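Keep in mind that this is a model prediction, so the values were computed, not measured. Each chain gets a letter, A, B and so on, in the order its sequence line appears, and its residues count up from 1.
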Amino acid sequence: MDREKRNHLIRVFVAIALVYGLVAVLEFTLRPTSIIFTVLRKGAIYSLVAVSMNLLNGFTGLFSLGQAGFMLLGAYTYAILTMPTAVKESERVYRYYDALIHFDTGVLAGLIAAGLIAAVFAFFIGLPVLRLKSDYLAIATLGFAEIIRAVCQWDVLGPLTNGANLLREFKDLSRITLPFSDIPFPPTLFVFIVVGICILLIVLLINSSYGRAFKAIRDDETAAEAMGINLFRHKELSFVISSFFAGISGALLAMFQYTVQAQQFRTVLTYEILLIVVIGGIGSISGSCIASFLYIALSEWWLRGLDMGTFLGINAPDLFRSGFRRLVFSVIIMIIVLFFSRGIMGDKELSYERVRSFFKGRIHRKENAR
Amino acid sequence: MADFFHQNLSYFLSGISVGGQYALIAIGYTMVYGILRLINFAHGDVFMCAGLMMVYLSSSLPFAISIPLVLILTVILGFAIERVAYKPLRSAPRMSVMISAIGVSYLLQNAALYFTGGLARVYPEIPVLSASVVIWDAPTRVVTLVTPFLTLVLVILLSLLIKHTKIGMAMRAVSVDFETSQIMGIKINKVISMTFMLGSLLAAVASFLYFTNYASVTPTSGSMPGLKAFVAAVFGGIGSIPGAVIGAFIIGICENIIKGGASIFGIPGSGWTTFSDAFTFAFLIIILIVKPTGLFGEKSVDKV
C-alpha cells in the first residue's frame, strides 16, 4: 500500500472516530430531550435510506421508487418480532385480534430480520419488475410499494400486522441495553453505529468488482452486457441489497418513532428520500449523508419558526402558520433541482483534499477581491 | 343475471362514472408522455389544485363565474408548471425531468397543505350535477350519468382537434419525432405548452365531476386518482388517447367491482377498499410484464 493511500485511510478513520466521539460526548453532556438528538438520529436513519436508494439510482442506474414499501416491511418486521410476548398476548396492542406470533427476539435479531424480510420481498418483486426500463420501472416499484402498504392494512392479516392500527411497545430506542445486561445504551450512538456499519458495507460493495459492474450498467447497459456482465443478475443483486438496507432503516425509523403505522409509509416518503439523494448528488454517498442531515436539521430545527409564527425575529402568525415550513422547503428543493442539478457533491465523494481546496479557493478569491 | 345486475347496479354505475373521470385525467398523462416521454407526476396534483380553487372561488363567486375561472386558472397552472419546471431541462437527461416533476408534485401538495391548513375542504354542491336521482332502485347523483357522456364528447372534440387542426398536426409530428419536427419548422415550445394546457383543461373538468361525487378535497386527494389515471394510460398504450380512455373505463369499473366484493362475490371482509387500490397496481404490473406497450401502443426499438 503506498503512502498516499495510507494517509487517506488514516484521515478517514480519524474523521469517523471524531464524529463518533462527538456523538458520545453530546450524549453524555446534553439533556436527552435536546432537539440535536432528534436531528442526529433521524438524520442518520435518513442517511441510510438515502444511501441505499443511491446504490440503486445513482450507482446502478435503476430508477426505483419503492423505498417506502421496503422500509414499511422492515419497520413492521422489527416491531412485530421485538414486541415482548406478554404485550402481544395482552390487549394493549392487539385489541381486535389475537396475536399470531408468540415469541419475541432481541434488537439485533429484529434488525437483521427486518433487512432479510425486505430483501426476500425485493427478490420476488425484482424478478418481474427489473426487466422493465427507466420510467416503467419507476412506476412499477411505486405500485408495489403501494400494494405492500395496502396488504399490510388488510384486516385478514390483522393477527400479524394489527390491521390499520398502531404497533407500539416494541423495543424502541429508549429500551436498548448493553448485551446480556440491563445497563441502558446511549440511543443516538446506537443509531450511529448501526447506520455506520450498514453504510460501510455499502461502500465496500460499491468499491468491489460488483460495484464496478453496477456502474458499468448505469453508464451503458448494452456495452456492459457486451463486456460479459450478466445484466439481470447484477440488477437483482443491487435491488435486493438496497432493499435489505432500506428494511433496516425502516426498523430504525420504527425504533425512533416508538410507534409504527402503515399509513406513514406513503409515496411522499419515497419522494422525500429521492429529493435528499438529488440534493446530495446522485452517485455520491457522502453527499447523500450530508443532504440527509441538512434536510432533517432544516425541517425539524432551523426552519421550525416558519410553522410557529416567529422566524428570524419576524413575528407574523398569519403568514408563518402550520405548513409554511414545508412550502418554503419544497421551493428550495425545486430551485436545487432546476439550477443546481448536480446537488451538493455531484458524483464526487467528500475528501480532505476537496475540503482544503474549497477553503483555499475562498481565501484566494477574497485576496483577489482586495 | 338481471337480478344480479339489479342488486349491484350502484357499483357498476359508479365504476363507469369514475372511469370517465380517470379517462379525462389519463389523457393529460398520455399526451405529455407522447410528446416529451415524461411521466408528469404533477398532473394528479394539478387536478387536486383545480378542486381546491373551486372550493375557494365558489365561496365568494357564483358558479357561472367560478367554473370558467377555475378552468382558466388550471390551464394557466399547467402552462406555468411546464415553463418553470420542465422547459429549462429540455436537454437534460430524462431522469432529471422526472425528478423535477416529482419536485413539482411535492411543491403543489405542500402548498395545498399550507393553504388548507391540512383540513379536508368541503366541495361545493354544483347545481344539477349534485342532484340525486334514482335509477332502477339505485340511488345516485346526476354527475354519475353525465360523466361518461361528457367524457366521450370531450374525447371526440379532442380527436377532431388533433386530426384536423394545424396545432394537432404539429402535436402528432412532434410525438413521432421530436428532433425532425423541430427541423421542419415546428415551434416545439408552443406545441408542448399547448399539450400541457389541454391536459390541464381536461383535468379541471375531471375535478368538477370527481369531487362532486366525493364531496371533499384534501392536499393528497389528487395523488391516487393521478396514479390510477396513469395506470390507465399505460394500459391503453401510453401516447394513445383512445387507449387511455378505454383503459380508464376498465380500471374504474374493475375497481368498483372489487369495492363491492362483499356483495358481488359473496366473500366477507372489510378490506376490499384498500384492495381496490392494490388491484390497480397489480394490474399495472401484469400489463407491464405481459404487454409493456399496452393495448394500442407502438413498439419501441432500442438503438445502440
Side-chain angles (χ1 to χ4, degrees), chain A residues 57 61 63 65 125 128-129 131-140 142-158 163-164 220-223 226 266-268 270-272 274-275 277-278 282 321-331 333-334 336-339 341, chain B residues 33 37-39 41 84-86 88-89 92-96 98-118 219-220 223-224 227 230-231 234 238 269-286 288-289 292 300 302-304:
Chain A
N57 291 15
F63 196 80
L65 294 177
I125 292 173
V129 164
R131 300 183 192 279
L132 305 171
K133 292 252 164 79
S134 63
D135 27 15
Y136 286 119
L137 175 70
I139 283 290
L142 195 90
F144 263 113
E146 286 291 313
I147 292 180
I148 290 173
R149 195 167 61 85
V151 171
C152 249
Q153 291 171 314
W154 188 24
D155 54 357
V156 174
L157 286 180
D220 191 333
E221 272 192 18
T222 320
R266 292 179 153 268
T267 318
V268 177
T270 308
Y271 287 175
E272 266 178 7
L274 175 71
L275 294 171
V277 172
V278 173
I282 295 173
R321 60 190 156 89
S322 178
F324 193 61
R325 170 179 57 169
R326 297 187 63 168
L327 181 61
V328 170
F329 216 66
S330 29
V331 172
I333 287 174
M334 274 319 289
I336 292 176
V337 168
L338 287 178
F339 301 108
S341 58
Chain B
Y33 193 91
R37 298 281 175 271
L38 159 74
I39 300 175
F41 281 97
V84 175
Y86 305 146
L89 299 174
R94 264 170 74 186
M95 200 154 112
S96 316
M98 201 143 82
I99 289 166
S100 181
I102 289 175
V104 174
S105 160
Y106 192 65
L107 174 66
L108 289 180
Q109 280 188 22
N110 283 338
L113 192 72
Y114 174 64
F115 287 114
T116 60
T220 50
S223 56
M224 242 328 142
L227 283 174
F230 176 77
V231 175
V234 173
I238 200 146
S270 59
W272 291 102
T273 315
T274 42
F275 266 105
S276 74
D277 291 347
F279 156 78
T280 314
F281 292 106
F283 189 60
L284 167 77
I285 286 152
I286 293 169
L288 286 179
I289 292 160
S300 69
D302 260 358
K303 289 176 197 154
V304 181

Applying side chain to side chain contact (heavy atoms under 4.5 Å, CB included), run through A:F329 and B:N110 and close with a yes or a no. CA-CA 9 Å; A:F329 216 66; B:N110 283 338; 5.7 Å; no

Applying side chain to side chain contact (heavy atoms under 4.5 Å, CB included), run through B:F41 and A:Y271 and close with a yes or a no. CA-CA 11 Å; B:F41 281 97; A:Y271 287 175; 3.4 Å; yes

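- With a threshold of 4.5 angstrom between heavy atoms, A:V278 approaches chain B through side-chain atoms but not through N, CA, C or O.
- Under a 3.5 Å cut-off, the side chain of B:S100 and the backbone N or O of B:A85 do form a donor-acceptor pair.
- The part of A:I282 that comes within reach of chain B is its side chain, from C-beta onward, which places non-hydrogen atoms under 4.5 angstrom from that chain.
- Only the side chain of A:L65 comes within contact range of chain B, with at least one heavy atom under 4.5 Å from a heavy atom of that chain.
- Side-chain atoms of B:I102 and A:V337, non-hydrogen and from C-beta on, never get closer than 4.5 Å to each other.
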B:Y106/A:M334 under side chain to side chain contact (heavy atoms under 4.5 Å, CB included): CA gap, chis, key distance, verdict: CA-CA 9 Å; B:Y106 192 65; A:M334 274 319 289; over 6 Å; no

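- Contacts between A:F339 and chain B at a heavy-atom distance below 4.5 Å are absent for every atom of the residue.
- For chain A, the option among B:V231, B:L89, B:I99, B:L113 with the highest count of heavy-atom pairs below 4.5 Å is B:I99.
- For chain A, the nearby part of B:L227 is the side chain; its heavy atoms alone come within less than 4.5 Å.
- In this structure, the portion of B:V234 lying under 4.5 Å from any heavy atom of chain A is its side chain and not its backbone.
- With a 4.5 angstrom heavy-atom cutoff, A:I139 touches chain B via backbone and side-chain atoms both.
- For A:F63, the ring pair (Phe, Tyr, Trp, His ring centres under 6.0 Å) criterion is met by no residue, not counting sequence neighbours.
- Of the atoms belonging to B:L288, heavy atoms from both backbone and side chain fall under 4.5 Å from chain A.
- Looking at B:A112, neither its backbone nor its side chain comes within 4.5 Å of chain A, counting heavy atoms on both sides.
- Residues satisfying the salt bridge (charged side-chain N to carboxylate O under 4.0 Å, His left out) criterion with A:R131, sequence neighbours excluded, are absent altogether.
- Using modelled atom types, one finds no donor on one side chain facing an acceptor on the other under 3.5 Å when comparing B:T220 with B:Q109.
- Interface remark: B:L107 contributes backbone and side-chain atoms alike to the contact with chain A (heavy atom separation under 4.5 Å).
- Within the 4.5 angstrom heavy-atom criterion, only side-chain atoms of B:S105, from C-beta onward, approach chain A.
- In this structure, chain B has no heavy atom under 4.5 Å from any part of A:A223.
- Between A:Y136 and B:Y33, the angle of the ring planes lies from 30° to 60°, which puts this pair in the tilted group.
- When each of A:T267, A:L132, A:I333 is checked for heavy-atom pairs under 4.5 Å with chain B, A:L132 comes out on top.
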